[in-house]
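Everything below concerns the one structure shown next.
Convention: sequence-line order gives letters A, B, ...; per-chain numbering from 1.
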Amino acid sequence: MNSQTNLSGARVVHRSVSASARAPSAQNDALARKMRRRGQKARFSWLVPTLYIVFLLLPIYWLVNMSFKTNAEILGGFSLFPQNPTLRNYMVIFTDPSWYSGYINSIIYVVLNTTISVAVALPAAYAFSRYRFLGDKHLFFWLLTNRMAPPAVFALPFLQLYSSFGLIDTHIAVALAHCLFNVPLAVWILEGFMSGVPKEIDETAYVDGYSFPRFFIKIFIPLISSGIGVAAFFCFMFSWVELLIARTLTTTDARPIASVMTRTVSASGLDWGVLAAAGVLTIIPGALVIYFVRNYIAKGFALGRV
Amino acid sequence: MDKTWNNKAWFLVLPVLLLVGFSAVIPLMTVVNYSVQDTFGNNVFFWAGLSWFEQVLNSSRFHDALVRNLVFSLTILAIEIPLGIFIALNMPRKGWGVPVCLVLMALPLLIPWNVVGTIWQVFGRVDIGLLGRTLAAMGIDYNYATNPVAAWVTVVVMDVWHWTSLVVLLCYAGLVSIPDAYYQAAKIDGASRWSVFRYIQLPKMHRVLLIAVLLRFMDSFMIYTEPFVVTGGGPGSTTTFLSIDLVKMAIGQFDLGPAAAMSIIYFLIILLLSWIFYTVMTNYDARR
């Protein structure tokens, strides 16, 4: 009520006196009101993000909780905390080759894919951000369609393509297949970052007698190193989270952890504890680096367009 | 930025062209090839014309999956976009709360998709899950494996859990780019909370919101892993979306012809959507 009257009073002041000639008291009044409003807002606005974060963390908490329980405890009782915390589930994963090799396989093809994607995307992104050339817009659009293409459409053709090259169940097959959506992603993100670097830098370097490769490696790459980091992170992430293509192209030797996890049914039923522990371990890579890319997450997911 | 016309730039693009061409064009050609041929086995193929396309376009199975997928996409958009805007508006702008919010909110985005499925699978189970147990204790009949409504609610809530943060982060990026002077001017004019939102914040978020809507629509339109892990497309086929149906047809039943024809139709829809996305994007870039 009080703030309401204040507000209308201020409006009268504002209308009767021109802005430049406003009395200092009115200015102070406005400032005080603003601060009061901020205070009121701040008292309740923290509630919304907090509730949302609780909603986000609750299912993850449950998974972590389960990963420290024995199967008997998971199935037998219901408790918010593990009664007898055990590391057995993690021990199973770290000692059983069929489990830990899943992680190794995943990491091998993800790293391969990230390296290939960023390496080929760098010159292409530079071309798109600096030059106009025949068919550039069509090409850029075509790249986008590959990022947007449903992996389900490509699963079967990939299976046949890579089996005709004898590459089924190899890491390189999955790495190459994931290039389908990761190379366009890397090109778009890097193009976004490169367009933020003024063109004068290139021109100055060329005037100073730098050749293109030397300029690119010595000057340009250090300038967009954060962009490269973000692009690499997103290639890593999207290759890491993908299941359909990775599962289709592998059988035993290069089987990714995601695919191992979908078949935890053993003779004694589902091993929930180990499944939960495996899930927790797959979250860790993302959780470890998330702090470093926190300001670029929106940009990366939006293909460098924010 | 002014760009110089230089066709030599093609050499810089060539590696990308070859690599993506290898993993996109060749598979697509295979699909086109299968979509117009039929076989009796032994790798003997004969021309089938457009009969597979007619079959797929007339089949109720495809229609149902398409409608299901559209309903799903529109539902999650209707929830995630307003919710995302609301949360972004209430996020702190400075102080220690900013990195905490950003990191915690981004966490679901970085979880492997099948683990997202696993998380909700165990979270929702009536016998061992926190959610399932709680709902059962409240007397609500909830079992996503047998009850279609429960399965749908689980898949939608899971997607909201998984992807709302993307909308939040995009909107937040749009909001922090608004200069303080705008808010001060609004304060002086005595603008209400709603007018500040309607005339200052919403126009400034226009661009990021468009990206958010398009990305969410396209990604939900090809959703596969999460519902596959949680419900496997069931109960019955109530959560069988386009991708799940296609994989069932292509790799499960090995129906190459119909699967290929469906792939092409699916891909054309995606192509149209990508074109809308691209046009919107380049228009904005040009105006910038």
Side-chain angles (χ1 to χ4, degrees), chain A residues 7 11 14 34 45 48-49 52-53 56 59 62-63 66 74 78 120 123-124 126-127 130-134 141 144-146 148-150 152-158 160-161 176-177 179-180 183 187 195 199 237 240-241 243-244 258 261 279 282-283 286 290-291 294 297-298 301-302 305-306, chain B residues 1 3-7 9-10 12-13 15-16 19-20 23-24 26-27 30-31 87 90-91 99 101-104 106 108 110-115 118-120 122-123 128 130 133 166 169-170 173 187-188 190 208 211 218 222 224-225 243 246-247 250-251 263 266-267 270-271 274 278 281:
Chain A
L7 206 74
R11 206 179 291 156
H14 173 55
K34 203 172 102 185
S45 68
V48 177
Y52 178 62
I53 288 172
L56 293 184
W62 195 247
L63 191 78
M66 261 177 70
I74 291 170
F78 183 80
V120 299
Y126 182 79
R130 290 296 192 261
Y131 299 114
R132 294 231 45 210
F133 49 94
L134 196 64
F141 171 65
L144 176 75
T145 64
N146 290 312
M148 300 298 184
V153 168
F154 287 88
L156 180 67
F158 273 158
Q160 296 185 321
L161 177 68
L176 282 177
C179 284
L180 172 73
V183 169
V187 172
S195 297
K199 212 179 165 190
M237 230 40 244
W240 180 255
V241 300
L243 167 74
L244 176 56
M261 274 184 69
T282 60
I283 301 177
I290 194 172
Y291 183 77
R294 65 187 184 282
I297 289 171
F301 275 102
R305 296 293 127 152
V306 172
Chain B
M1 198 189 316
K3 299 179 186 176
T4 28
W5 185 275
N6 187 348
N7 272 326
W10 262 100
L12 297 174
V13 187
V16 164
L19 189 64
V20 183
S23 45
I26 298 176
T30 335
V31 175
I87 294 165
N90 284 297
M91 261 174 77
C101 277
L102 287 178
V103 166
L104 289 179
L110 309 178
I111 296 178
W113 298 343
N114 70 307
V115 178
T118 309
I119 287 175
W120 280 87
V122 292
F123 193 57
I128 57 170
L130 184 61
R133 277 261 178 155
L166 177 63
L169 293 175
L170 281 171
K187 286 272 154 56
I188 290 167
V208 283
I211 302 180
M218 302 188 97
M222 55 196 207
Y224 172 81
T225 314
S243 279
L246 181 57
V247 173
I251 294 173
S263 299
Y266 195 1
F267 196 73
I270 293 284
L271 205 62
S274 302
Y278 184 75
M281 234 52 284

Report which part of [X] has an atom under 4.5 Å of a heavy atom belonging to chain B: side chain, backbone, both, or neither.
{"X": "A:Phe154", "value": "side chain"}
{"X": "A:Trp62", "value": "side chain"}
{"X": "A:Leu134", "value": "both"}
{"X": "A:Ile74", "value": "both"}
{"X": "A:Tyr291", "value": "both"}
{"X": "A:Leu180", "value": "both"}

Nearest atoms (heavy-atom pairs only) where [X] meets [Y]:
{"X": "A:Ala302", "Y": "B:Ile211", "value": "CB-CG2, 3.6 Å"}
{"X": "B:Trp120", "Y": "A:Pro59", "value": "CZ2-CG, 3.8 Å"}
{"X": "A:Leu156", "Y": "B:Ala250", "value": "CD2-CB, 4.1 Å"}

Toward chain A, the part of [X] with a non-hydrogen atom under 4.5 Å:
{"X": "B:Val208", "value": "side chain"}
{"X": "B:Leu271", "value": "both"}
{"X": "B:Pro99", "value": "both"}
{"X": "B:Leu19", "value": "side chain"}
{"X": "B:Ile111", "value": "both"}
{"X": "B:Leu104", "value": "both"}
{"X": "B:Ile270", "value": "side chain"}
{"X": "B:Thr30", "value": "side chain"}
{"X": "B:Leu246", "value": "side chain"}

Quick check for you: among [options], which has the greatest number of heavy-atom pairs under 4.5 Å with chain B?
{"options": "A:Val48, A:Leu161, A:Val120", "result": "A:Val48"}
{"options": "A:Gly286, A:Cys179, A:Gly279, A:Pro157", "result": "A:Pro157"}
{"options": "A:Leu56, A:Leu244, A:Thr145", "result": "A:Leu56"}
{"options": "A:Met148, A:Gln160, A:Met66, A:Arg294", "result": "A:Met148"}
{"options": "A:Leu176, A:Asn146, A:Ile290, A:Leu243", "result": "A:Ile290"}
{"options": "A:Leu144, A:Val183, A:Ile297", "result": "A:Leu144"}

Excluding sequence neighbours, so at least two apart, what forms side chain to side chain donor-acceptor pair (under 3.5 Å) with A:Tyr126?
->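 So A:Tyr126 forms a side chain to side chain donor-acceptor pair (under 3.5 Å) with A:Asp202, A:Tyr206.
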
Of all residues at least two apart in sequence or in a different chain, which pass the side chain to side chain donor-acceptor pair (under 3.5 Å) check with B:Thr225?
->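 Here no residue qualifies.
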
Can you tell which of [options] has the highest number of heavy-atom pairs within less than 4.5 Å of chain A?
{"options": "B:Asn6, B:Val247, B:Leu166", "answer": "B:Asn6"}
{"options": "B:Leu102, B:Val31, B:Asn114, B:Ile26", "answer": "B:Asn114"}
{"options": "B:Thr118, B:Leu170, B:Leu130", "answer": "B:Leu130"}
{"options": "B:Ser23, B:Ala106, B:Ala9", "answer": "B:Ser23"}

Any side-chain heavy-atom pair of [X] and [Y] under 4.5 Å:
{"X": "A:Lys199", "Y": "A:Arg130", "result": "yes"}
{"X": "B:Val13", "Y": "A:Phe133", "result": "yes"}
{"X": "A:Arg132", "Y": "B:Trp5", "result": "yes"}

B:Tyr266 and B:Ser243: side chain donor to acceptor below 3.5 Å =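 The answer is yes; a qualifying pair exists.
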
Look at the side chain of A:Trp240 and the backbone N and O of A:Thr282, then say whether any donor-acceptor pair between them is shorter than 3.5 Å.
->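 Yes: the side chain of A:Trp240 pairs with the backbone of A:Thr282.
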
